[in-house]
Amino acid sequence: MSIEFLVLHSYKPKKKGELALQIGDKIVITKEENKQMCFGKIVDGEQSGSFPRSFLEQLREGTETDPKTLSKIIYQDFLYKKKENKNSYNKFYCKLFPRSLALFKNKKQSVPIEVILFQGMVSIQKSKTHKKKKISNFILKSETKLWHFRAKTEKKGKDWIEKILLQAQKISNECKFIDQNANENGNGNQRMSRKALFKTKSNGYQNQKKKPSRLRRSLSLNRFGKTKVKSKLSSISSVDLNMNQEEKLVKKSSFFSRKKKIKKQNTKKNKKCYNPTKRFGVPLTDVAERDQTEIPKIIENSIKFIEKFGLHETGIFRLSGQKSDIDRYKQEFDSGKDITFENEMNVHNVSGILKQWFRELPESMLTKELYPQFIQIQANYEGKQLVEQHKLLVDQLPKLNKRIFEIISELMHKIAKFEKETKMGIQNLALLFGPTLCSLRGEKSNSVINMSVECQIVSIMSKNHDYIFGKAKYGIHLIDRFDEKDDDDTYSKEIFKAIAVDNNIQVDKENVDEQIFFNVGDLISVTNTDDNEWWYGKMICREDGNKNIIDQYGYFHASLVEKIGEEEYLTLIEQEN
């Protein structure tokens with residue numbers, strides 16, 4: 001049975017006997033004329049002739065053959081390709097397609113001069129960057145050939161490497177990314193220091209019974225110049241000296257004791273290694289672009305799993321999963337794998353990795369520009385007007401940010417329907433998602449004050465989900481669900497006062513930001529006891545008199561506090577005063 005090939009680029013005949021090709025055609029090769037051209041015919045057709053070999057890819061099971069998909073341009077820009085056996089480069093206008101990289105003479109040309117197939121691609125190597133010129137070199141390596149490319153700027157080079165790698169890995173599982181800049185620092189082939197060089201050479205000269213004084217002069221002449229050295233050495237006797245005497249003389253001489261300042265070389269520790277498949281700690285738009293989806297895959301896959309297995313799970317999003325499993329998922333996502341959690345048995349591992357990803361985002365989901373406006377409307381408006389202002393600001397968010405807020409608030413609403421089982425109502429979920437999604441990264445000032453406001457922002461979005469995100473018109477069912485009194489009753493209104501009977505050392509590492517810590521004798525106002533194990537409240541008085549974390553809300557373990565009456569509380573306050 002003959003092997004079929006798929007045409008990836010259209011071809012117009014230039015000579016007699018050549019065959020016209022269209023994207024998506026299936027070809028059978030009958031004869032290879034040379035490395036560039038081959039002879040064959042179209043499957044289910046009578047036409048035959050010669051055509052470029054690089055325009056064809058071997059047809060395998062599951063290969064996409066739709067012409068619209070194959071002709072979709074993912075990225076295009078100018079690149080410089082190195083000539084074979086020469087150090088000069090030719091400029092090409094390059095277009096990245098789903099299964100190949102095509103090189104054109106200019107933007108107007110329709111038929112490519114050369115096509116590089118991703119099938120059989122072995123690696124993409126980032127070459128050593130030029131220090132003076134800010135250019136970026138990279139090499140595409142197949143099983144039989146190398147292509148050297150150069151981009152004008154380092155940023156453009158990174159873009160090309162990232163986009164080519166994503167497409168190549170979809171087709172060839174063996175394709176790897178190699179950073180020669182990172183590998184260079186671990187070679188151990190560093191230049192020998194002058195002291196080490198002198199020691200090795202002096203030992204060599206000793207064995208050859210040559211005068212050490214002449215060795216010192218020769219090294220000094222090379223380093224500092226003949227005139228200066230001669231003037232300094234004029235007073236030194238040319239009599240043979242042993243090494244010990246010469247070393248003493250060298251130490252006393254201010255001329256030889258000077259040290260040349262050496263610039264620190266950029267090592268792997270000083271330079272961050274570029275990882276085109278990284279998903280954690282990367283801007284939101286970059287993650288979506290690398291996944292080539294409407295929203296990042298980690299959000300989509302996590303929420304699908306949670307909606308299937310976690311809507312009735314007690315303490316969902318509050319209880320943390322296994323740290324080792326969460327770290328493993330993080331490494332797999334950062335390596336570019338598409339994790340669907342098919343074999344996962346613990347839903348808290350999935351909710352934990354989702355929270356971890358949101359925490360490591362470099363920017364607030366509200367954006368730095370709109371964050372102050374969200375905080376301001378919480379103070380200036382209330383009731384229906386507050387919800388209307390929220391809708392106006394949410395509409396100003398970037399499209400991707402708005403879509404993620406819509407998905408998260410919808411998930412919160414679904415979980416809250418089973419609050420009796422999960423012990424997680426809208427307010428409890430808002431306490432977890434508020435700081436995680438909304439807080440400004442790297443901002444320490446007013447973090448405690450703004451945290452409660454951030455929780456209210458997420459709570460309002462979830463309670464008025466359909467109206468804020470445009471799924472329904474303004475109506476009773478949406479706004480009546482929002483009631484500030486209900487907020488106060490749920491987690492702000494005091495139920496009773498308590499005193500700490502033990503130091504709070506039971507730390508939930510996944511949710512450290514949502515806990516409060518106290519010592520024996522501190523007084524706490526308890527505001528929520530829905531969960532028998534973990535209570536919610538705020539610090540109202542510290543035994544040591546420190547007022548830095550007074551009125552800070554958070555979770556704490558119920559076994560660490562003991563309920564007290566009003567009279568006992570007043571007595572303790574008087575003692576503190």
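- In this structure, Phe433 has its ring center under 6.0 Å from that of Phe317.
- Stacking of Lys126 on the aromatic ring of Phe138 is not recorded, the 6.0 Å distance cut-off and the 45° axial limit not both being met.
- Nearest heavy-atom pair, Tyr371 versus Ser364, reported as atom, atom and distance to 0.1 Å: CD1-OG, 4.3 Å.
- A donor-acceptor pair under 3.5 Å is absent between the side-chain atoms of Asn528 and the main chain of Tyr536, judged by distance alone.
- The structure places OH of Tyr467 at 13.5 Å from CE of Met461, a figure rounded to the nearest 0.5 Å.
- Two residues are said to be in side-chain contact when any heavy atoms from C-beta on lie closer than 4.5 Å; Leu96 and Trp160 meet this criterion.
- Using a 4.5 Å heavy-atom threshold, the side chains of Phe374 and Val394 count as touching.
- Using a 4.5 Å heavy-atom cutoff, the side chains of Gln167 and Lys170 are in contact.
- Contact check for Leu166 versus Arg290: side-chain heavy atoms found under the 4.5 Å cut-off.
- With Phe78 as the aromatic partner, Lys152 does not meet the cation-pi criteria of under 6.0 angstrom to the ring centre and within 45 degrees of the ring axis.
- Taking the six-membered ring for Trp, Trp357 and Tyr329 have ring centres at least 6.0 Å apart.
- With no hydrogens or angles considered, no side-chain donor-acceptor pair links Gln385 and Gln389 at under 3.5 Å.
- Among all heavy-atom pairs drawn from Lys423 and Thr314, the shortest one is CG-CG2, 4.1 Å.
- Summarising the local packing, NZ of Lys304 is surrounded by 12 or fewer heavy atoms from other residues, nucleotides or ligands at distances under 6.0 Å.
- At least one donor-acceptor pair closer than 3.5 Å links the side chain of Asn349 to the backbone N or O of Gln322.
- Remark: side-chain polar atoms of Asp502 are not paired, donor with acceptor, to backbone N or O of Leu560 under 3.5 angstrom.
- Taking each heavy atom of Pro296 and Val287 in turn, the nearest pair found is CB-CG1, 3.7 Å.
- Looking at Thr422, its side chain does come within 3.5 Å of a backbone N or O of Phe418 through a donor-acceptor pair.
- A donor-acceptor pair is defined here as one N or O able to donate and one able to accept, closer than 3.5 Å; such a pair exists between the side chain of Asp334 and the backbone of Phe280.
- Between Thr340 and Lys297 the shortest side-chain heavy-atom distance does not fall below 4.5 Å.
- In terms of heavy-atom proximity, Phe556 sits nearest to Val526 at CZ-CG2, 4.0 Å.
- A donor-acceptor contact shorter than 3.5 Å links the side chain of Thr293 to the backbone of Ile295.
- Using a 4.5 Å heavy-atom threshold, the side chains of Phe405 and Leu400 count as separate.
- Panel note: side chain Ser302, backbone Ile299; no donor-acceptor pair is recorded below 3.5 Å.
- A heavy-atom distance below 4.5 Å is found between the side chains of Ile564 and Leu523.
- Judged purely by atom type and a 3.5 angstrom limit, Ser462 has no side-chain atom pairing as donor or acceptor with the backbone of Ser459.
- Here the CZ atom belonging to Arg99 is positioned 10.5 Å from the OG1 atom belonging to Thr69, to the nearest 0.5 angstrom.
- The environment of NZ in Lys278 is crowded: more than 12 heavy-atom neighbours from other residues, nucleotides or ligands sit within 6.0 Å.
- Side-chain N or O atoms of Ser100 include none that pairs as donor or acceptor with a backbone N or O of Phe97 at under 3.5 Å.
- Nearest approach of Cys175 to Ala168, heavy atoms of both residues: SG-CB, 3.8 Å.
- Ring pair Phe341/Phe333 is tilted by interplanar angle, where 30° to 60° counts as tilted.
- For the residue pair Ile326 and Gly352, the shortest heavy atom distance occurs at CD1-CA, 4.0 Å.
- At most 12 heavy atoms of other shown residues, nucleotides or ligands fall within 6.0 angstrom of atom NZ in Lys176.
- Atom CG of Asp522 sits about 8.5 Å away from atom CD1 of Ile499, to the nearest 0.5 Å.
- Of the possible polar contacts, none joining the Ser439 side chain to the Thr436 backbone as a donor-acceptor pair under 3.5 Å is found.
- No hydrogens or angles considered: nothing links the side chains of Gln356 and Lys323 as a donor-acceptor pair under 3.5 Å.
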